[in-house]
Amino acid sequence: MTERIVRSETSLQTRSPLSDIRAHGLLGSLPAQALSRLLASMDEQVWTPGEDLFRRGESASAMFLIVEGTVESLHTLRPAQDGPRPVLTGQEAAGLPTYESTVTAVTTVRAWRLPRQAVRALCAQVPGLEAALVRSIERALQAPSALRDDAAKAATGSNKRLIGWGMALCVPPGLYASTQAMDLTLQASVFLAIFGMVITMWVFSLVDDYIPPLAGLICILFVGLAPPSVVLTSFASPGLVTLISVFAMAAMLSGSGLSNRVLLWLLLRLPDRSSWRQLSLLLYGLLLSLGTPSGNNRMALMMPAFDDMARGLRLPERSAAMTALFIATYGGAMLFSSTLATSKSVTISVLGFLPLHLQDYYAGMFWIGAAALFTLGIVALHMLGVRWWVGPQGQSTVNRLILQERMHLLGPLSLAEKCTAVVFAMFLLGSLTTSIHHVPQSGLAGAVLVGLLVCGVMTKMDFQKSIDWPMIVFLISTDCLIKVMGYLGLNQDLSRALAEHVTFVDGNVLVFLGLTLGVVLLIRLLLPIPAGMLLSAVVLLPVAQVEGISPWICIFAIGVFSDIWFFRYQNSIYGIAVNAGVEARIEESVFLRHNLWMNGARVLMVFLSVPLWGWMGIA
Amino acid sequence: MGLDGDRMNSSTKARATWLMILGFLMSTLLLLTLFNSAKPRILVVHSLSKESSWASAIDKGISRVLSTNRLPATVTREYLNLDILSQEADLDRVMKEVRRKIKAMDPHILVTVDDETNHLLGRHYVDQNRMQLVYTGLMHDPGRYGYSEDGGVFGVREHTPLAPLTALLDEIGRGEPKRIAVVGIDDLTGTAEMKQVLAHDWGRHRLVTHALVPHFEAWKQYVLGPAKQADVLLVLTIDKVPAGDVGMVMARESEVTLWTETHSAPLPIGVRHSFVRMGGGLAASVPPDELGGLAIQIAFEHLAKPNAQQGLKSVTATAFDISVRQSVLRKRQIELPEIYVQAARAAGHLYP
């Protein structure tokens with residue numbers, strides 16, 4: 001095969017990122033909201049002659065908008081076009097796992113770096129963009145499509161993955177044979193084999209989290225272990241409406257640009273000091289927690305804010321200030337996950353285990369009141385932990401010019417932002433006053449969804465693309481698995497076996513909280529947060545009932561303790577930041593020490609909240 | 001060289017991972033399919049149609065037991081439709097088709113419901129090694145079909161609740177002895193019921209006349225003729241009453257019931273709940289859902305321990321229901337003791 005050398009040249013004048021983006025044909029045509037968000041993640045980089053921008057086969061971590069200099073691309077086929085306008089390269093970051101060619105600087109090259117995560121987020125937001133970017137690679141390579149999506153990562157070779165698939169192959173038959181030898185019933189053995197397969201796939205992260213429980217359900221349907229009305233029961237529950245609606249609201253908060261505008265506003269209004277900036281990130285996290293029921297989503301929404309601030313402040317990598325900023329970002333995404341019933345989607349599912357009147361009661365003002373002391377305490381301990389573990393962070397100032405430019409780009413509040421704000425406020429108000437109007441939360445959430453759809457704020461395309469359907473499928477499928485477990489009587493057996501050994505609880509809330517901590521930590525060693533929470537609830541709620549402990553305390557403690565993690569695989573939320581390359585930018589050991597501190601803080605604040613719960617009459 | 005080595009290593013791992021995934025998918029599919037094909041299969045064969053009150057009540061009992069069962073099993077129902085078969089229907093061809101279905105399904109358990117099914121089908125499957133036969137709703141002696149517990153055939157016998165009926169007769173009127181007439185259809189079920197009636201000790205009461213008639217016309221003649229001399233007319237099963245003496249057209253059960261209730265001088269008492277549901281005044285019957293439930297329980301006991309047949313045994317359904325239509329009894333100036341009315345209410349068989 002003949003190799004050809006390709007050159008792309010651009011004018012040498014320096015431009016602002018906004019003007020560079022606008023000068024590019026494809027990116028310049030993006031909507032203002034998308035441009036504003038893209039600006040937050042762009043980073044300037046310079047290469048000297050002979051340096052590779054990236055090499056063929058390397059992980060496609062970013063896309064580059066070259067604004068100055070000459071590059072050559074070595075690959076087997078034809079080049080991208082030459083021209084005076086900025087040139088995009090590394091479009092593989094839009095959907096491919098690795099770069100398809102090697103690009104080297106011939107002269108000094110200046111380019112805007114767009115991280116993969118930002119490009120993927122942009123593609124999710126702008127229909128057709130991913131296809132256009134991918135087509136541009138195909139045009140450059142003019143080769144038969146070798147395109148692979150994220151699913152291809154399932155086949156990338158790594159020892160962990162190899163071992164994982166081997167385990168997925170061996171664990172189910174092994175479990176079946178061993179449980180049969182233990183004289184368990186046929187149905188229990190088959191279920192445990194299927195459940196074993198699901199857990200193995202989770203533990204080794206063989207595929208996306210939502211796939212194993214769905215595969216488990218299909219296996220159960222395949223062998224007829226339970227009737228379809230039981231296997232698919234949660235797909236016909238009011239919880240599904242609540243989940244869809246809450247995710248739709250979250251998507252509109254982000255998609256309409258409202259959350260982005262609020263963050264910019266906070267950054268422009270708050271004093272330009274590191275503690276205030278960290279506080280603004282926490283407040284942003286609190287705002288997101290009110291309407292975004294997934295820690296993963298909150299983290300994904302907050303990472304651009306972190307990038308934006310870190311770049312604007314020109315914080316050195318691995319500096320104390322950078323680490324403190326990231327801790328605040330992570331804290332914003334995680335600290336308020338138990339502040340409201342709707343801050344964690346799985347809490348909505350767990351509440352579904354309770355009688356309807358209790359669900360409505362707990363989901364409203366009661367939750368906020370009972371969780372208030374915990375929330376205040378955990379925020380205070382977080383701030384204290386930053387000061388203690390990170391230490392002095394030096395002086396740095398935010399580039400207000402860029403912030404103002406971004407705010408200016410957003411213009412006045414759009415109709416979509418106004419509608420989203422109104423609908424969001426109505427949902428919050430409705431949720432908080434359930435005890436007055438007695439409309440179930442699923443009804444409120446459903447009304448909000450219909451409102452968004454009827455007003456046209458959420459289009460059909462938004463409905464298809466913006467809602468986190470995999471997360472909904474994950475939660476509902478996991479819930480269904482637990483229901484099948486209940487149908488087969490396995491969770492009763494589990495609870496009964498546990499109840500025999502926990503008579504020491506004797507109605508004592510503090511002892512019960514200790515037991516909850518132990519059970520949750522044990523389960524979380526194997527399961528991700530949502531599945532771990534669901535299984536913990538199945539095991540512990542009957543114990544709480546027998547011991548006369550308030551089910552709310554049980555659910556709240558499970559939610560808080562589920563956020564405790566020691567190993568990276570236990571927490572997909574931190575995984576999002578790691579995927580975005582945060583490891584190289586912060587002092588990870590400091591972050592992990594702070595995380596350990598916060599693990600202790602969570603336990604401490606739950607126990608310190610007991611007197612408040614006693615005063616409220618539930619403990 | 002090092003980079004190339006790494007790439008080769010990575011490529012080998014990727015290939016191995018793909019193979020592993022393929023192996024996982026194929027083995028999972030294979031194991032699930034194997035499990036599914038080995039999963040116990042139960043075939044229930046009814047003599048009547050799915051819509052008939054008798055078959056649907058038996059199905060209800062089967063479903064009740066299935067709802068509490070957790071052992072994975074496939075339960076399929078088949079209906080011979082003897083009550084709605086057209087005049088031209090070739091019964092031999094129908095049976096051939098059913099036998100072909102049984103062969104194709106190869107059930108672990110074959111449940112045959114009532115005498116007709118056992119006569120037409122069940123008795124041909126007695127000596128099957130792999131397939132366990134379970135009968136239910138059998139009124140004749142199981143030996144008639146070659147069934148015995150020693151031979152490994154178990155099931156549920158149905159006995160018309162004649163003892164409770166005798167007690168009921170004691171309570172009707174001023175307690176004087178009653179003269180009893182009995183009418184049924186001359187088929188397998190009718191013959192078996194009549195055999196039980198004739199063998200029963202009626203105590204103070206006396207059986208004055210009885211007849212098994214071939215069709216509805218003969219039925220009418222008997223009710224308007226010999227039966228008139230009795231105080232009580234015992235109406236045997238009427239879900240398959242031929243309309244006339246030609247062909248296989250059946251009279252509707254509701255039509256036979258209403259005619260009998262209207263034209264019978266003695267008080268008609270049915271032996272099926274459907275007699276009251278379709279317009280009659282009083283019935284004492286074996287609950288068919290009990291027959292279905294007991295049969296499927298025996299089937300699951302066998303599946304749980306297929307090699308422990310000595311633990312299994314045949315049973316006779318002893319439960320009975322009372323059905324009452326108050327307006328009809330009121331018209332005949334019959335007043336039942338409150339306990340019977342409340343029993344009918346509890347069973348959901350009390351009609352205004």
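What you see below is based on every heavy atom in this structure, not just the backbone, and it leaves out hydrogens, waters and symmetry mates. What you see is a predicted model, and the numbers here were worked out from it, not measured in a lab.
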Problem set entry | Over 12 foreign heavy atoms within 6.0 Å of CE, B/Met278 |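 Counting other residues, nucleotides and ligands, CE of B/Met278 exceeds 12 neighbours.
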For this session: For atom CE of B/Met95, decide whether the heavy atoms of other residues, nucleotides or ligands shown that lie under 6.0 angstrom number more than 12.
Result: yes
Between [Y] and [X], is there a side-chain heavy-atom distance shorter than 4.5 Å?
X        : Y        : result
B/Phe24  : A/Met201 : yes
A/Trp165 : B/Leu19  : no
B/Pro72  : A/Val223 : no

Exercise. Contact part of B/Leu32 toward chain A, heavy-atom cut-off under 4.5 Å: side chain, backbone, both or neither?
Worked result: both
Exercise. Measuring heavy-atom distances to chain A, does B/Thr33 have an atom under 4.5 Å in its side chain, in its backbone, in both, or in neither?
Worked result: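 Its backbone and side chain both get close to chain A.
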Problem set entry | Part of A/Pro227 lying under 4.5 Å from any heavy atom of chain B |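 Looking at A/Pro227, nothing touches chain B.
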Exercise. Could you give the distance from CZ (B/Phe35) to SG (A/Cys219), rounded to the nearest 0.5 Å?
Worked result: 11.5 Å
For this session: Apply side chain to side chain contact (heavy atoms under 4.5 Å, CB included) to A/Leu186 and B/Leu71, showing your working.
Result: CA-CA 7 Å; A/Leu186 179 68; B/Leu71 183 76; 4.1 Å; yes
Problem set entry | Residue, of A/Thr185, A/Leu169, A/Val190, that accumulates the most heavy atom pairs under 4.5 Å with chain B | A/Leu169
